[in-house]
Structures are given as structure tokens and as C-alpha cells.
There are 4 protein chains.
Amino acid sequence: MPGARNGKRSPPRPEPAPSAEEPEKRRAILHAAVRVFAEKGYHGCRIADVAKQAGVAYGLVYHYFRNKDELLESVFAEQWTIFINAIRAIAEGPGSASEHLASICRFAVDVYKTSPSAVRVLLLEVARTPNVLRAGSTAQTFQTAVALVAGIVRRGQREGDLRGDADPTVAAASLLGALELTLTAAVVGLVEGAREEDAERLKAEVVGFALHGLSVRPRG
Amino acid sequence: MPGARNGKRSPPRPEPAPSAEEPEKRRAILHAAVRVFAEKGYHGCRIADVAKQAGVAYGLVYHYFRNKDELLESVFAEQWTIFINAIRAIAEGPGSASEHLASICRFAVDVYKTSPSAVRVLLLEVARTPNVLRAGSTAQTFQTAVALVAGIVRRGQREGDLRGDADPTVAAASLLGALELTLTAAVVGLVEGAREEDAERLKAEVVGFALHGLSVRPRG
Amino acid sequence: MPGARNGKRSPPRPEPAPSAEEPEKRRAILHAAVRVFAEKGYHGCRIADVAKQAGVAYGLVYHYFRNKDELLESVFAEQWTIFINAIRAIAEGPGSASEHLASICRFAVDVYKTSPSAVRVLLLEVARTPNVLRAGSTAQTFQTAVALVAGIVRRGQREGDLRGDADPTVAAASLLGALELTLTAAVVGLVEGAREEDAERLKAEVVGFALHGLSVRPRG
Amino acid sequence: MPGARNGKRSPPRPEPAPSAEEPEKRRAILHAAVRVFAEKGYHGCRIADVAKQAGVAYGLVYHYFRNKDELLESVFAEQWTIFINAIRAIAEGPGSASEHLASICRFAVDVYKTSPSAVRVLLLEVARTPNVLRAGSTAQTFQTAVALVAGIVRRGQREGDLRGDADPTVAAASLLGALELTLTAAVVGLVEGAREEDAERLKAEVVGFALHGLSVRPRG
DNA sequence: GATGAATGAGGCTTCATTCAT
DNA sequence: CATGAATGAAGCCTCATTCAT
């Protein structure tokens with residue numbers, strides 16, 4: 001889950017501080033959960049699988065997490081935190097709003113290239129989980145991401161960089177959605193995206209779509 | 001799940017022919033499945049819930065469907081069929097590619113307004129389902145939808161209506177993705193979308209995003 | 001669990017009406033639960049054991065009872081109902097208060113002779129269960145039993161049959177307690193109580209204790 | 001768990017000698033076990049709870065006790081030892097058998113007033129424990145208590161103080177049973193017993209019941 | 001002695017599926 | 001067609017016990 005390295009801008013490593021406190025095995029469990037979760041989805045993800053994948057005993061999962069929901073909530077939170085930190089770092093960095101949006105797209109594709117499972121969790125499982133989860137912190141984190149992107153859009157509109165007649169929130173959702181389904185298509189195999197050059201192409205495509213749309217004619 | 005009625009174009013009713021054969025209760029079960037499925041997701045959707053929701057006896061579900069997977073596969077198929085038929089009808093109708101894409105967006109938003117649960121199933125459940133399903137006809141149907149939209153894009157490119165440098169498949173995925181997450185945001189409440197005028201605004205926003213992107217500057 | 005047949009008075013069969021509604025297997029489960037519960041106590045009583053003992057499938061227990069607590073609560077309720085109905089029948093029958101108390105003692109010993117496990121459940125598990133249960137209907141039923149006996153005592157006091165200076169509630173608790181621990185001693189083997197003549201002796205002993213105490217001297 | 005201080009006779013402090021050897025934390029664990037055990041019963045009593053209640057580390061419990069059974073067996077033994085020592089001291093002291101029985105009742109009520117949880121353990125948990133325990137020293141200790149009281153009764157019969165036609169063992173069980181359920185009723189709240197004067201009343205009631213029974217008429 | 005992380009068997013509960021009526 | 005009782009495998013969670021530090 002490295003930062004993007006794409007010749008334009010390289011967002012900082014946005015990993016949550018691996019607090020010296022955090023036990024190694026807790027982290028192992030969390031990582032394992034990401035993989036299993038990504039592969040089987042929320043309900044298909046069995047604690048036994050996670051434990052096995054993490055190489056720890058069944059019971060240890062419950063030493064560190066109250067129950068399955070809390071574990072998966074943690075997975076969500078962590079993944080979103082990484083993504084949100086990246087967005088925030090990008091937003092606070094130099095460059096125009098357009099460039100920021102482009103960087104976000106590139107970052108997402110880069111992360112996908114490195115650890116597709118993380119992206120699957122990040123993008124495919126949101127809002128697809130039982131209400132318990134949706135009611136929790138996950139929903140808020142999701143909204144935070146949208147809000148951050150919307151903030152960038154708003155700034156771009158103020159600075160004359162982006163279309164002023166677009167609703168920032170809808171725009172943010174649209175951009176993230178385009179990103180998501182494109183990556184989904186890659187995950188599913190509809191689109192090539194694994195090789196280095198494919199990834200570069202994907203980035204360009206999504207950025208192009210988000211910034212310029214499909215029409216050849218200027219709006220008006 | 002009526003066609004859109006939006007002053008521009010009204011796609012035909014794309015419901016699968018309610019073959020005189022189909023028993024009323026089978027249909028009731030299918031409808032109930034859509035609702036429950038949409039509300040609880042694949043694994044959260046219990047046969048008992050569907051039966052209760054449909055107002056039929058437990059065992060009857062197994063009279064009409066071999067098992068849970070087949071039931072949900074049917075739900076998918078039916079929903080996608082409706083959507084695909086609509087896309088196909090639009091694609092075969094008069095108008096430029098741009099107009100077709102716009103119509104597709106409007107149709108989706110209209111359907112969402114009428115039966116959000118159908119949209120949830122349609123859009124949110126695709127990638128979450130166990131592999132059994134993904135390997136089945138569902139995946140193909142999903143790909144069919146993408147392919148149809150990609151076809152429209154391709155035609156638009158030939159006719160000089162749409163940007164020629166865009167990958168049609170990625171473009172199709174992006175458009176559907178933007179559509180999806182915008183509606184998701186509406187479902188989740190991030191964006192207003194329930195009232196008539198909100199729906200109209202959503203349509204315009206998504207269409208604008210898909211056709212013109214966010215940038216004020218023409219690409220070049 | 002027949003009525004007593006002891007030459008003095010024969011209380012009516014106080015079984016709860018075997019409502020034509022009640023499924024046979026539900027009853028089988030309940031009976032099995034009594035036995036297993038009595039043998040292993042609340043926590044030692046595994047659902048699997050009950051199911052096996054009842055000769056039904058594991059899951060059927062959950063068809064008829066929401067969960068383990070509800071099952072055991074039902075066991076309690078049923079047992080207490082039987083006992084309370086007997087007490088009530090005795091209390092409403094002819095005879096002095098002293099005779100009623102004696103009948104209650106005899107009834108208890110008789111039931112014990114017939115189905116010791118029922119008595120174990122009835123007497124040994126009360127107030128020894130997790131708070132969930134104690135908070136439930138069980139506690140109230142227990143109090144009902146005490147109250148009924150206290151009522152008999154009160155009447156005896158009015159009619160000059162029983163000591164007027166005794167607190168009816170404490171007296172009722174004492175009587176039931178003497179009954180309980182005597183039967184417990186029988187259950188545990190401290191006291192002979194299985195054979196017919198042993199049972200008769202037990203009855204006489206307890207009745208004697210409850211009515212006349214141990215002292216040779218009249219209280220003064 | 002002090003001796004009774006009730007104006008009539010004050011049994012000696014029957015605590016087991018706190019051998020200078022016994023580590024302070026071992027004692028803390030034992031005391032904590034009494035409380036937790038009393039509150040939750042055998043199976044509801046988790047080692048973790050005991051450790052927390054005692055304010056010691058999880059593993060330390062296993063440093064002092066081989067396993068859960070041994071811990072609880074120790075609790076039982078200690079509690080019974082206290083009670084049995086008290087009975088023995090009373091039995092060996094001066095006074096008639098009637099007075100001895102009365103003293104035992106008063107002692108029990110006094111202990112209850114001071115530490116209800118100890119009484120709960122003492123009285124309520126005997127017959128509920130898994131067979132392992134019942135087979136162990138606990139059962140014997142319980143029988144010892146009954147035997148001691150029965151011995152007092154026997155002496156009273158020899159000395160013409162108590163009814164000669166009563167079975168000493170049944171009488172002992174009855175007396176202890178009356179005591180138990182009366183205190184249970186107090187624990188459960190059916191009867192007032194917390195205040196000083198309530199306790200005094202309880203004592204008088206139970207003693208009256210045990211010695212004179214409920215009947216106004218002399219037996220015969 | 002003292003700590004608490006680590007282990008894993010055991011029990012409760014759910015729910016897809018079958019089947020007799 | 002329709003019903004719902006019956007089945008049992010599968011997964012979550014607890015908690016006694018061990019062990020390295």
C-alpha cells in the first residue's frame with residue numbers, strides 16, 4: 001500500500017502510525033482479515049479463516065476484538081483511514097484542484113495495483129454490509145471521504161479551476177464511483193489493469209473521464 | 001419500475017413478459033426477494049424472511065426455486081434484464097450517443113426514485129456475492145450491461161459525438177460507477193434525492209459529470 | 001406425577017391441560033429437559049443432551065423454544081404450575097389448615113417418589129440460576145407458592161388452628177424449606193426415601209416437624 | 001463472618017487459623033471466589049471474574065489452585081468449615097439441646113446478616129454442583145453438618161428435651177432446610193431481614209418453627 | 001511469585017434444505 | 001400446489017488452561 005509513484009506527485013505514506021503499543025499479532029489478524037474479507041465478503045468471512053490466515057489461534061481473535069463486527073469495523077476503519085489520510089495529504093499539498101483530483105485517482109489505482117484486496121474491501125464492501133456496520137463509524141468515515149473530495153471540488157470552483165455549476169457532493173460521489181467501478185471492472189477482469197502499463201492507462205482514462213467527461217463538445 | 005417520464009424521452013416498459021404461465025405466488029416470492037435482498041444483502045437474506053415478506057409458506061419457495069442461489073440468481077437476472085432491456089431500447093432508439101447516455105442516466109435515477117431497493121440490488125450487490133454467483137449468469141449479465149454502454153460509446157466515437165481517445169469499456173464502467181455511487185449517496189442520505197426536483201437535479205448532475213467532466217478547461 | 005394416594009386425602013391431578021394444540025414433540029423436549037436439567041443442573045444441561053434424550057433433532061428444540069433460557073424457563077414454569085395447582089387444589093378443598101399443610105407435604109413426597117427429577121428441578125434449582133432466570137417469571141411463581149402456603153397459614157391462625165404469633169410468610173418458607181432439604185437429603189442418599197414405607201415415614205416426619213416442631217415442651 | 005453477638009450466647013470465632021504461611025493473595029482470591037461464586041453460581045463463576053474481583057493477575061489463580069474445581073472446592077470447604085466449627089463449638093458448649101439448636105439458628109442468621117454471599121454459597125450451592133464436586137469432600141462436609149445437628153437432636157431426645165419419635169437425621173435436615181429457605185426468602189426479598197430488628201425477628205421465627213412447629217395443639 | 005498473551009475444545013444458535021401431509 | 005415441522009451442518013463465541021517472560 002505504498003504511495004503513488006507516477007512522475008507527477010508522490011503522496012506521503014499514509015499508514016496509521018504503527019503505535020509501538022500495537023501487538024504484532026493484532027496487526028497480523030487485521031491484515032489477515034483484510035485479505036479474507038476482500039476475498040469472501042462480509043458474511044463469507046469466517047473467523048476461523050482469519051485466524052488460520054494470520055497464523056494464530058482461534059481464540060486470539062477474541063482477545064483483541066470483541067466480536068466479528070468489531071473486527072471488520074476495524075478493518076474498514078483502517079482501510080478508510082489510509083485512504084482518507086492520502087486524500088488529506090494530497091489536498092493539503094501544492095497544486096490546483098484538478099491536479100489534486102487526478103492525484104487521488106492515481107493513488108487509488110496505485111494502491112489497487114499493490115494490494116487489490118485492500119481496494120476490494122475499501123470500495124466493494126462499503127454500504128453493502130449489515131446495518132449494524134453501516135450505523136457505525138464506517139458510514140461516517142465514508143462520508144468523510146466524500147466530504148474531503150467535495151471540499152477539493154469546492155475549492156476548484158472558487159479558484160475557477162472546476163465547473164462552478166456542479167454540486168460538489170454529487171461530483172465527489174461521481175468521481176469516487178467512476179473510480180470504484182473501473183477498478184471493479186479490473187478486479188473482475190473486464191478491463192486489463194494488472195500490468196504496469198495497464199495501470200498507467202487506467203489512471204489516464206479515469207482522470208480524463210472525471211475531468212473532461214466523454215463529450216467532445218464543450219458544455220453550453 | 002416504470003419507464004422515465006421526464007419530458008425528454010420515455011424509454012419503453014422493459015419488464016420481462018409476465019408470461020401467462022407464471023404463477024402469481026412465484027412472482028410474489030421474487031418481488032419479496034428483491035426487497036429483502038436489497039435490505040439485507042446476499043447472506044443476510046434468509047429464505048424465511050422472503051417467504052414471510054411474500055406472504056407464502058416456507059416450503060413454497062423451494063417449490064419454485066431449486067435453492068437460495070437460484071432464487072437470488074433469478075432476482076439478479078430479472079433486475080438486470082429490466083435494466084439491460086432499457087439500455088437496449090434506448091440504444092436502438094433515435095438520438096445521438098450523448099443523448100443515449102443521458103437517457104440511461106435518467107432512466108436509472110427514475111427507477112431509483114420509484115423502487116430504490118431494486119437499484120440497490122442492481123448496483124450494490126454485484127461484486128459482493130459468493131463466487132458461485134459471480135461465476136453464473138449474473139457476471140455475464142453485468143458484463144453485458146457494460147458492453148452495451150461501451151457499444152454506445154463506441155458509436156459516439158465513430159460519429160464524432162464522443163471523445164475518440166477514451167477506452168469505451170473503461171468509459172462505460174466509469175459512467176455506471178458514477179451513477180452507482182451517486183445513487184448510493186442518495187440511498188445513504190448523503191445527497192437529497194427523494195423529492196421530484198431533487199431527482200431532476202441528480203439526473204442533470206450525473207449527466208453533466210459524465211459528458212463534460214469537472215474541468216472548466218477543454219482537454220488538450 | 002400422580003396425585004397423592006395416602007389414605008387421608010387425594011389431591012386432584014394438577015397437570016396443566018395437555019391442550020390438544022401442543023405438539024407431541026414439544027412435550028417430549030420439555031420432558032427431556034426436565035430430566036437432563038435435573039441431572040446436570042442449569043449450566044450442565046446441554047441442548048444436545050436434551051435433543052438426544054427427547055429423540056429429536058438438534059434444531060427442533062429451537063423450533064419450539066427461542067433459546068436455552070426460554071426452554072428452561074418453560075421447564076420451571078411447568079413444574080411450578082403443577083405444584084402450585086396442587087397447593088391451590090388442596091387449599092380450596094375441605095379440611096383444616098393443619099390438614100392442608102400436611103397434605104402439601106405428603107403431595108411433595110409423593111411426587112418425589114414418582115419422579116425425583118421433577119422434584120430436583122422444582123426444589124433444587126430455584127434461586128440457583130443466573131439472574132436472567134431469576135428475574136423472569138420463575139421468581140414470581142416461586143413467590144406465588146410461598147404466598148399460597150402463607151395464605152393457608154393465615155387462615156389457620158384466624159381459625160385458631162395454627163399458632164397466631166408466627167409470621168405467615170416465614171412459616172411458609174420454613175415449611176417449604178424443611179420439605180426441600182429433607183427431600184434433598186433423600187436425593188443425596190442421606191436418608192432412605194425410595195421405598196414405599198420410607199416415603200410414608202418421610203411424610204410423617206416432615207408433617208410432624210412442621211406442625212409440632214422438635215421440642216417436647218409446649219411453647220410458653 | 002463474625003460470631004453471633006446476640007445477648008444469649010456468643011459462639012467463638014470459628015475461622016480456620018490464618019496460617020502465617022498463607023499468602024495474602026491466595027486469601028484475596030479465595031474471598032473473591034466466595035463473592036463471585038455466590039453471585040453467579042458454579043458455572044457462571046469465571047476465573048477471570050475471580051481474578052478481577054481479587055485484583056490479581058489472571059494466571060495467579062492457577063498458581064495457587066490447580067484448577068477451577070479445586071478453587072471452588074476450597075471455597076466450599078472453607079465455608080463449611082466455618083459453619084461446622086461453629087456448630088461443633090455450640091454443641092460442645094453448655095446448654096440443653098433445644099438451646100443448642102436455637103443457637104445454631106441464630107448463628108446462621110447472624111452470619112447471613114454480615115455476609116449474605118457466604119450464606120448463599122453455603123446453603124444454595126450444595127446440590128447444584130457437578131458430580132465431580134459432589135463426590136468430593138464437599139458432600140462429606142455437608143453430611144457432616146447434618147450429622148452434627150442430628151447428634152444434637154439425638155442427645156436432646158436422650159435427655160428428654162426433644163421429641164423422641166423424630167428421626168434425628170430428618171429432623172436435622174428439616175431444621176437446616178427451614179433455615180435455608182427462610183434466608184433464601186430474605187435474600188430474594190420476600191421477607192425483610194437486613195435491618196437489625198428484622199434479623200432478630202427472623203431468628204425468633206425460625207427457632208419457634210423448629211422447636212414448636214405451627215400447630216397450636218400438642219401432638220398426640 | 002506475578003503477569004497476561006495464547007490456545008482450542010465445547011456449546012449455543014442459525015438457517016438452508018428436505019419431507020410427510 | 002401448499003404447508004410448516006424436522007433435520008443437521010456450520011459458524012460464532014466463551015472460557016478453562018497453559019506458557020513464556
Side-chain angles (χ1 to χ4, degrees), chain A residues 23-26 28-29 40 43-52 54-72, chain B residues 23-26 29 43-52 54-72, chain C residues 23-26 28-29 40 43-52 54-72, chain D residues 23-26 29 43-52 54-72:
Chain A
E24 173 195 342
K25 301 224 171 174
R26 186 182 197 279
I29 292 170
K40 317 218 181 165
H43 274 97
C45 170
R46 282 168 288 129
I47 297 293
D49 293 341
V50 173
K52 199 170 295 174
V56 303
Y58 196 108
L60 197 60
V61 175
Y62 287 87
H63 189 75
Y64 287 115
F65 302 90
R66 192 188 315 280
N67 55 30
K68 189 179 172 180
D69 273 7
E70 191 182 296
L71 169 61
L72 297 186
Chain B
E24 176 194 342
K25 299 217 171 176
R26 186 181 198 279
I29 291 170
H43 273 98
C45 168
R46 283 162 291 136
I47 296 293
D49 293 342
V50 173
K52 194 173 299 174
V56 304
Y58 206 97
L60 198 58
V61 175
Y62 282 86
H63 193 76
Y64 287 116
F65 302 90
R66 190 192 315 281
N67 55 30
K68 187 178 174 182
D69 275 5
E70 189 182 299
L71 168 61
L72 297 185
Chain C
E24 173 194 341
K25 301 224 171 172
R26 192 191 136 95
I29 291 170
K40 316 219 181 165
H43 274 98
C45 169
R46 282 166 289 129
I47 296 292
D49 293 342
V50 173
K52 198 170 297 174
V56 303
Y58 201 109
L60 197 60
V61 175
Y62 286 87
H63 188 74
Y64 287 115
F65 302 91
R66 192 189 314 282
N67 54 31
K68 188 179 174 180
D69 274 6
E70 192 182 296
L71 169 61
L72 297 185
Chain D
E24 176 193 341
K25 299 216 172 176
R26 186 181 197 280
I29 291 170
H43 273 99
C45 169
R46 282 162 292 137
I47 296 293
D49 293 342
V50 173
K52 195 174 298 174
V56 303
Y58 205 98
L60 198 58
V61 175
Y62 281 86
H63 192 76
Y64 287 116
F65 302 90
R66 190 192 314 283
N67 54 30
K68 188 178 173 182
D69 275 5
E70 190 182 299
L71 168 61
L72 296 185

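Computed from a predicted structure; not experimentally measured. Just so it is clear: chains get the letters A, B, ... in the order the sequence lines come, proteins before strands, and each one is counted from 1.
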**Prompt:** Is there a side-chain polar atom (N or O) of His63(C) under 4.0 Å from OP1 or OP2 of dA5(F)?
**Reply:** yes
**Message:** Output the rounded distance in Å from CZ (Phe65(A)) to P (dA5(E)).
**Reply:** 13 Å
**Request:** Measure the distance from NZ on Lys52(A) to C1' on dT7(E) and round it to the nearest whole Å.
**Result:** 15 Å
**Side-chain donor or acceptor of Lys25(B) paired with backbone N/O of Ala54(B) under 3.5 Å** = no
**Request:** Answer yes or no: does a side-chain N or O of Tyr64(A) lie under 4.0 Å from OP1 or OP2 of dA6(E)?
**Result:** yes
**Interatomic distance at C1', dT21(F) relative to dG1(E), whole Å** = 13 Å
**Prompt:** Would you call Arg46(D) and Asp49(D) a salt bridge, using N to O less than 4.0 angstrom?
**Reply:** yes
**Message:** Can you measure Lys25(C) atom NZ to dG4(F) atom P for me and round it to whole angstrom units?
**Reply:** 18 Å
Considering only distance and modelled atom types, tabulate donor-acceptor pairs under 3.5 Å from the side chains of residues 55-67 of chain A, sequence neighbours left out.
{"from": "Arg66(A)", "atom 1": "NE", "to": "Glu70(A)", "atom 2": "OE1", "distance (Å)": "3.4"}
{"from": "Asn67(A)", "atom 1": "OD1", "to": "Asp69(A)", "atom 2": "N", "distance (Å)": "3.3"}
{"from": "Asn67(A)", "atom 1": "OD1", "to": "Glu70(A)", "atom 2": "N", "distance (Å)": "2.9"}

**Structure string for DNA chain E in dot-bracket form, Watson-Crick and G-U at under 3.5 Å, | interchain** = .||||||||||||||||||||
**Complete:** Quick tally for nucleotides 15-21 of chain F: nucleotides whose base has a protein heavy atom under 4.0 Å get B, sugar-phosphate-only ones S, the rest -, giving SBBB---
**Request:** Identify, between Val61(A) and Ala57(D), the residue whose nearest nucleotide on DNA chain E lies closer to the 5' end.
**Result:** Ala57(D)
**Prompt:** Rounding to a whole Å, what distance do you find between Leu60(C):CG and dC15(E):C1'?
**Reply:** 14 Å
**All pairs passing salt bridge (charged side-chain N to carboxylate O under 4.0 Å, His left out) where residues 54-64 of chain A contributes a residue, at least two apart** = none
**Fill in**
Closest non-hydrogen contact found for Ile29(D) with Val50(D) is O-CG1, 3.8 Å
